[in-house]
Number of protein chains: 2
Amino acid sequence: MTDFLADRDAWLTTNCSIARTLDVVGNRSTLLLLREASMGTRRFDQFAARVGISEPVAAARLKQLVADGLLERRPYREPGQRTRDEYVLTDKGAQLVPVLVALRQWGDTWAADAAGPSVRVEHHDCGAEVHAVLRCAAGHDVEPDGIDVRPGPGLLRANRD
Amino acid sequence: MTDFLADRDAWLTTNCSIARTLDVVGNRSTLLLLREASMGTRRFDQFAARVGISEPVAAARLKQLVADGLLERRPYREPGQRTRDEYVLTDKGAQLVPVLVALRQWGDTWAADAAGPSVRVEHHDCGAEVHAVLRCAAGHDVEPDGIDVRPGPGLLRANRD
DNA sequence: TAGCTGACTTTGCTATCCCTAAGTCAGCCC
DNA sequence: GGGCTGACTTAGGGATAGCAAAGTCAGCTA
C-alpha cells in the first residue's frame, strides 16, 4: 500500500469529500450567496442585488441553502415594518469561510484589476490581513506541493477480479 | 467609511476576487480535474476515468485549464510508447490547493460516510494531517467569525446621484 | 506498411442554470 | 379595510454543461 497512488484507478469516487462538498456548493450563485452571508447580508432582495442574480434564482438557492443547513431563517422586525425572516449563516455554513478566503486569495493574486483587489480581509482583533494557509497537526506550515495523499478509513475499493 | 458594510449596495461586483476565481474554476468538473492533477494524475484517459466525466468534457476542460495557465502540457515518453503530452499543475494551478484542501475538509466534517473520509492528507515532511486554517499577518489564528471586510485599493463604487 | 492504442473530436441529445417579465401574497400603515 | 412593500412564485425561453456513441488521427510495434 506504500505506492497506493499508482493504484488510484481502483478507488471509487463515491466517497470523495471534495465532490460531496461540490454537490452542496458547486455552483457559482451558491458560493456568491455564501460570500454575502459571511459579509453580513441578511435580506432577500439584498442577496439578489449584491450577488447580481435574479430573484427566482436567489429564492431557489437560498431555499436549498436552508435545506442543507448552511443558512438559517430567523424572524426579525425592523421598526415600523412587519415581521420578516432573515438568512443567517449557521455554524455548518461558517465552516465554509476558509473556502471563500482561499478563493478570494487566489483571485487577488491572479485575477484582480491593476488597482488591486476590491476588498481586504482583516483579523477582527488586530487588523492584520487574513490568509488561508495549510498547516499540519504538528504545527508546521505546509506548501501546496508538500502534501501526500493517503488512504483514509472510508476508502472504498472497486472489486478487481 | 467606518461602517462601510452598510454601504455595500454601492459596490460594484465586477472586481470581486471570489467571482473572478469562480469564472476560472467555477464548475464541478474543473475543480475535480484539479483535484486529480494535485494528486499526480497526468494522462488524459486517467483524468476522465478518475473524475468520472466523459471524454468530450475532459478534453474541453483540460484545454481550458491549459489556456488559463493552471495546467501545462509537457511531452513525455513511456518506454515502448510514442511521445505524448501530459498535464502538469503550474504554480498558478498549485496555488488553488488550499481551496481543494478547504473543500475536502468541509466534506470530511459534514458529508463523509460513517466510516470516515476516503483519503487523508498528510504533511510530506512529518506525516501529520494537513488542514486549511485562517491566519492573520500578525500570526494569530483566526476563526471564521473573526474576520472583518474592509474596502481595498481596487474598490469600485457605483455612481450615486 | 499494417495494425494498434492513446488522445482526442464530432454528432445529437438531455438537463441544469440563469434570465426577464409578470404575477401572488401577507401584513403593517393610514 | 385599501394600499404599499418586501418576499417571493410562475411562465417562457436561451445558454451552458453534461452524456453516449462513433469517428479521426498520429506514430510506435511488428
Side-chain angles (χ1 to χ4, degrees), chain A residues 6 8-9 13-14 16 18-19 22-37 41-68 71-88, chain B residues 6 8-9 13-14 16 18-19 22-37 41-68 71-88:
Chain A
R8 187 63 185 70
D9 287 320
T13 45
T14 50
C16 170
I18 295 179
L22 293 177
D23 287 341
V24 179
V25 297
N27 60 48
R28 179 187 179 81
S29 54
T30 298
L31 278 167
L32 293 179
L33 285 169
L34 288 172
R35 173 196 76 188
E36 286 309 317
T41 299
R42 301 192 159 202
R43 279 179 33 200
F44 177 81
D45 58 344
Q46 290 180 330
F47 275 110
R50 294 175 179 180
V51 170
I53 57 179
S54 64
E55 292 183 349
V57 172
R61 297 282 159 272
L62 287 170
K63 187 174 286 186
Q64 190 60 49
L65 282 166
V66 170
D68 289 336
L71 295 181
E72 188 178 271
R73 294 181 75 126
R74 192 182 295 173
Y76 79 109
R77 174 91 177 262
E78 282 181 8
Q81 301 286 324
R82 70 171 203 257
T83 310
R84 304 181 197 290
D85 283 346
E86 58 181 0
Y87 297 89
V88 190
Chain B
R8 188 64 186 71
D9 286 320
T13 45
T14 50
C16 170
I18 296 179
L22 294 177
D23 287 341
V24 179
V25 297
N27 61 49
R28 180 188 177 81
S29 53
T30 298
L31 279 167
L32 293 178
L33 285 168
L34 288 172
R35 173 196 76 189
E36 285 309 316
T41 299
R42 302 191 158 202
R43 279 180 32 200
F44 177 82
D45 58 343
Q46 290 180 330
F47 276 110
R50 293 174 180 180
V51 170
I53 57 179
S54 64
E55 290 184 350
V57 173
R61 297 281 157 272
L62 287 170
K63 187 173 288 186
Q64 190 60 47
L65 282 166
V66 170
D68 290 335
L71 295 180
E72 187 179 270
R73 295 180 75 124
R74 192 181 294 174
Y76 77 109
R77 174 89 177 263
E78 282 181 7
Q81 301 288 322
R82 72 172 200 255
T83 309
R84 305 182 198 290
D85 282 344
E86 58 182 1
Y87 298 89
V88 190

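Hydrogens, waters and symmetry mates play no part in the numbers below; they use all other heavy atoms, side chains included.
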Minimum-distance nucleotide to [X] side chain [options: [options]]:
X     : options               : answer
A:N27 : D:dA17, D:dA7, C:dC17 : C:dC17
A:E55 : D:dT9, C:dC18, C:dA7  : D:dT9
A:R73 : C:dT9, C:dG6, D:dC8   : D:dC8
B:F44 : D:dC8, C:dC8, C:dT10  : C:dC8
A:S54 : C:dC19, C:dA7, D:dT9  : C:dC19
B:A59 : C:dA21, C:dC18, C:dC8 : C:dC8
B:R84 : D:dA11, C:dG6, D:dA21 : C:dG6
B:I53 : D:dA17, D:dC19, C:dG6 : D:dC19
B:K63 : C:dC19, C:dT9, C:dA7  : C:dT9
A:R61 : D:dT9, D:dG18, C:dC18 : C:dC18

Just call it for B:D85: base, sugar-phosphate, or nothing, with non-hydrogen atoms closer than 4.0 Å on any strand.
->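 Contact class for B:D85: none.
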Base, sugar-phosphate, or nothing: which does B:Y87 touch, judged by heavy atoms less than 4.0 Å apart?
->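 B:Y87: backbone/sugar contact only, no base atoms under 4.0 Å.
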Measure the shortest side-chain to side-chain distance between B:D85 and B:Y76 over non-hydrogen atoms and say whether it is less than 4.5 angstrom.
->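 No, every pair of side-chain atoms sits at 4.5 Å or beyond.
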A:L22 CG - C:dT16 P separation (whole Å) =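 Those two atoms, CG and P, are 17 Å apart.
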Whole-Å distance between D:dG18 P and B:Q64 CD?
->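 Roughly 12 Å, once rounded to whole Å.
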Grab the two heavy atoms, one from B:L31 and one from A:L22, that are nearest each other, plus how far apart they are.
->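 Minimum heavy-atom separation between B:L31 and A:L22: CD1-CD2, 3.8 Å.
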